[in-house]
Amino acid sequence: SLYNEINYYESIDSPAVTMTASIVDSTDLKSSLPIVGGEGIVYDFSDSLQESISITGAMRLFKLANRVRIKKGTEGYDIFCTTNEMMFDQYNTVQRKYGPKPTSDIVQDIFDEYIAPITEKTLASISPTDGNMFQTFVRVSPFTAISYLCSEAKSYDPKSPSLFVFFENAEGYHFRSIDSLFSNPPVFSF
């Protein structure tokens, strides 16, 4: 009953899921906890359909904003959350040489070494890439390194464009070519 609105956001343009919640607080929750940032948020929600998919997980609060007084003793504010992996990505650095390997193997190596140890999520899908490459990273975050590899990856299928994305959704992380995403059948029909 505290939440006025919850927005859960997944995008192929983002390596991490984010969530915002608008809270109407008449119990002075932010002072009694207090909310300072870094708090863990566990979520489990679905739409109103009985057979709907439930989305569950855990995030960290990284920002409290848009605080307004609604009436005496009641405030409204927004909390912004992201995944633990995104929070820890800011403190991890990839600093090593890879290759000669296909880009998809380098992405798997970075995921296994830097992201997998801090999460139970998996690299749920990975599109194969063509050719071997050498790559040296010097003090870049794991998500930044993988994002760079997306721009350098060459599709295994010569008829397919070499456009790759790295993103997270409720199923886990994905390193996929745009072409492989388009070839999937629809998940839902409305």
Side-chain angles (χ1 to χ4, degrees), residues 6-23 30 33-45 54-66 77-129 133-155 162-178 180-181:
I6 296 175
N7 296 304
Y8 175 85
Y9 183 71
E10 297 176 353
S11 172
I12 63 171
D13 291 332
S14 175
V17 172
T18 58
M19 186 167 55
T20 60
S22 297
I23 296 177
K30 66 174 183 37
L33 286 179
I35 299 173
V36 295
E39 290 82 11
I41 307 256
V42 176
Y43 59 90
D44 182 359
F45 60 87
S54 178
I55 297 175
T56 61
M59 292 195 180
R60 294 244 174 236
L61 186 140
F62 71 87
K63 182 179 178 182
L64 186 140
N66 304 328
Y77 50 88
D78 296 330
I79 59 171
F80 295 81
C81 306
T82 192
T83 60
N84 290 329
E85 299 83 35
M86 185 60 141
M87 295 287 279
F88 289 115
D89 183 67
Q90 308 305 309
Y91 304 103
N92 280 337
T93 57
V94 178
Q95 187 160 326
R96 66 175 275 215
K97 185 172 104 178
Y98 295 91
K101 287 184 172 187
T103 307
S104 52
D105 290 354
I106 296 173
V107 169
Q108 184 72 58
D109 289 350
I110 292 172
F111 186 88
D112 291 346
E113 187 173 347
Y114 296 97
I115 300 169
I118 59 173
T119 186
E120 293 178 4
K121 298 172 192 164
T122 62
L123 189 54
S125 65
I126 189 162
S127 294
T129 57
M133 73 178 301
F134 289 94
Q135 184 60 52
T136 302
F137 292 106
V138 180
R139 300 183 63 195
V140 299
S141 74
F143 286 162
T144 301
I146 293 173
S147 177
Y148 174 78
L149 292 170
C150 285
S151 66
E152 295 295 314
K154 182 180 176 192
S155 180
S162 294
L163 299 169
F164 283 80
V165 290
F166 178 71
F167 63 96
E168 178 191 14
N169 64 18
E171 297 168 358
Y173 287 93
H174 307 270
F175 176 76
R176 300 283 299 272
S177 69
I178 295 290
S180 72
L181 292 173

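It should be emphasised that the depicted structure is a prediction, and the values quoted were computed from it without experimental measurement.
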- [ ] Indicate yes or no: does K101 engage D109 in a salt bridge with an N to O separation below 4.0 Å.
- [x] yes
Open item on the list: Restricting to ring-ring contact (aromatic ring centres under 6.0 Å, His included), what partner residues turn up for Y114, sequence neighbours left out?
Closed with: none
TODO: With sequence neighbours excluded, tell me which residues meet ring-ring contact (aromatic ring centres under 6.0 Å, His included) with F166.
DONE: F143, Y173
Task: Partner residues of T144 under the side-chain hydrogen bond (donor to acceptor under 3.5 Å, both in side chains) criterion, sequence neighbours left out - done: S141
Open item on the list: Measuring only between side-chain heavy atoms, which start at C-beta, is I115 closer than 4.5 Å to F88?
Closed with: no
Open item on the list: Just to verify, what does T20 make a side-chain hydrogen bond (donor to acceptor under 3.5 Å, both in side chains) with, not counting sequence neighbours?
Closed with: N7
Task: Nearest heavy-atom neighbours spanning A153 and S162 - done: O-CB, 3.5 Å
Task: Backbone of G38 reached by a side-chain donor or acceptor of R60 within 3.5 Å - done: yes
- [ ] Quick one: list whatever passes side-chain hydrogen bond (donor to acceptor under 3.5 Å, both in side chains) with S151, sequence neighbours left out.
- [x] none
Open item on the list: Do M59 and T18 make a side-chain contact, defined as non-hydrogen atoms from C-beta onward lying under 4.5 Å apart?
Closed with: no
Open item on the list: Looking at every heavy atom in both V165 and I12, which two are closest together, and how far apart are they?
Closed with: CB-O, 3.7 Å
TODO: Using ring-ring contact (aromatic ring centres under 6.0 Å, His included) as the criterion, list what pairs up with F167, not counting sequence neighbours.
DONE: H174
Task: Side-chain (Q95) to main-chain (V140) donor-acceptor, under 3.5 angstrom - done: no
- [ ] Kindly indicate whether the side chain of M86, heavy atoms from C-beta on, has any atom under 4.5 Å from the side chain of P15.
- [x] yes
Open item on the list: I need the single residue from N92, V107, T93, I118 that forms a side chain to side chain contact (heavy atoms under 4.5 Å, CB included) with P142. Which is it?
Closed with: N92
TODO: List in chain and number order the residues that pass side chain to side chain contact (heavy atoms under 4.5 Å, CB included) with T136, two or more places apart in sequence or in another chain; answer none if no residue qualifies.
DONE: K97, V138
TODO: Tell me, with the steps shown, if N84 and T119 meet side-chain contact (heavy atoms from CB on, under 4.5 Å).
DONE: CA-CA 8 Å; N84 290 329; T119 186; over 6 Å; no
TODO: Say whether, by atom type as modelled, one donor and one acceptor occur between the side chain of S14 and the main chain of S11 under 3.5 angstrom.
DONE: no
Task: I41 vs M19, side-chain contact (heavy atoms from CB on, under 4.5 Å): CA-CA, chis, key distance, verdict - done: CA-CA 10 Å; I41 307 256; M19 186 167 55; 4.3 Å; yes
Task: ring-ring contact (aromatic ring centres under 6.0 Å, His included) partners of Y8, counting only residues at least two apart - done: Y43, F45
Open item on the list: Could you measure the distance from the CD1 atom of I146 to the OG1 atom of T103? Nearest 0.5 Å is fine.
Closed with: 12.0 Å
TODO: Looking only at non-hydrogen atoms, find the nearest pair between F111 and P117 and report the distance.
DONE: O-CD, 4.3 Å
Task: Partner residues of P100 under the side chain to side chain contact (heavy atoms under 4.5 Å, CB included) criterion, sequence neighbours left out - done: N132, F134
TODO: Please examine the side chains of Y148 and Q135, heavy atoms only from C-beta on, and report whether any two atoms are closer than 4.5 Å.
DONE: yes
Task: side chain to side chain contact (heavy atoms under 4.5 Å, CB included) involving S104 - partner list, sequence neighbours excluded - done: P102, I126, T129, F175
- [ ] Evaluate the side-chain hydrogen bond (donor to acceptor under 3.5 Å, both in side chains) criterion for residues S127 and S180: first the C-alpha distance (whole Å), next the side-chain angles of each, then the deciding distance (0.1 Å), finally the verdict.
- [x] CA-CA 7 Å; S127 294; S180 72; 3.2 Å; yes
Task: Side-chain touch I23/I79, heavy atoms, less than 4.5 angstrom - done: yes
Task: Flag side-chain contact, heavy atom, 4.5 Å: I106 against L149 - done: yes
- [ ] Check salt bridge (charged side-chain N to carboxylate O under 4.0 Å, His left out) between D112 and all other residues, then give those that pass, not counting sequence neighbours.
- [x] none
Open item on the list: Just to verify, what does E113 make a side-chain hydrogen bond (donor to acceptor under 3.5 Å, both in side chains) with, not counting sequence neighbours?
Closed with: R96
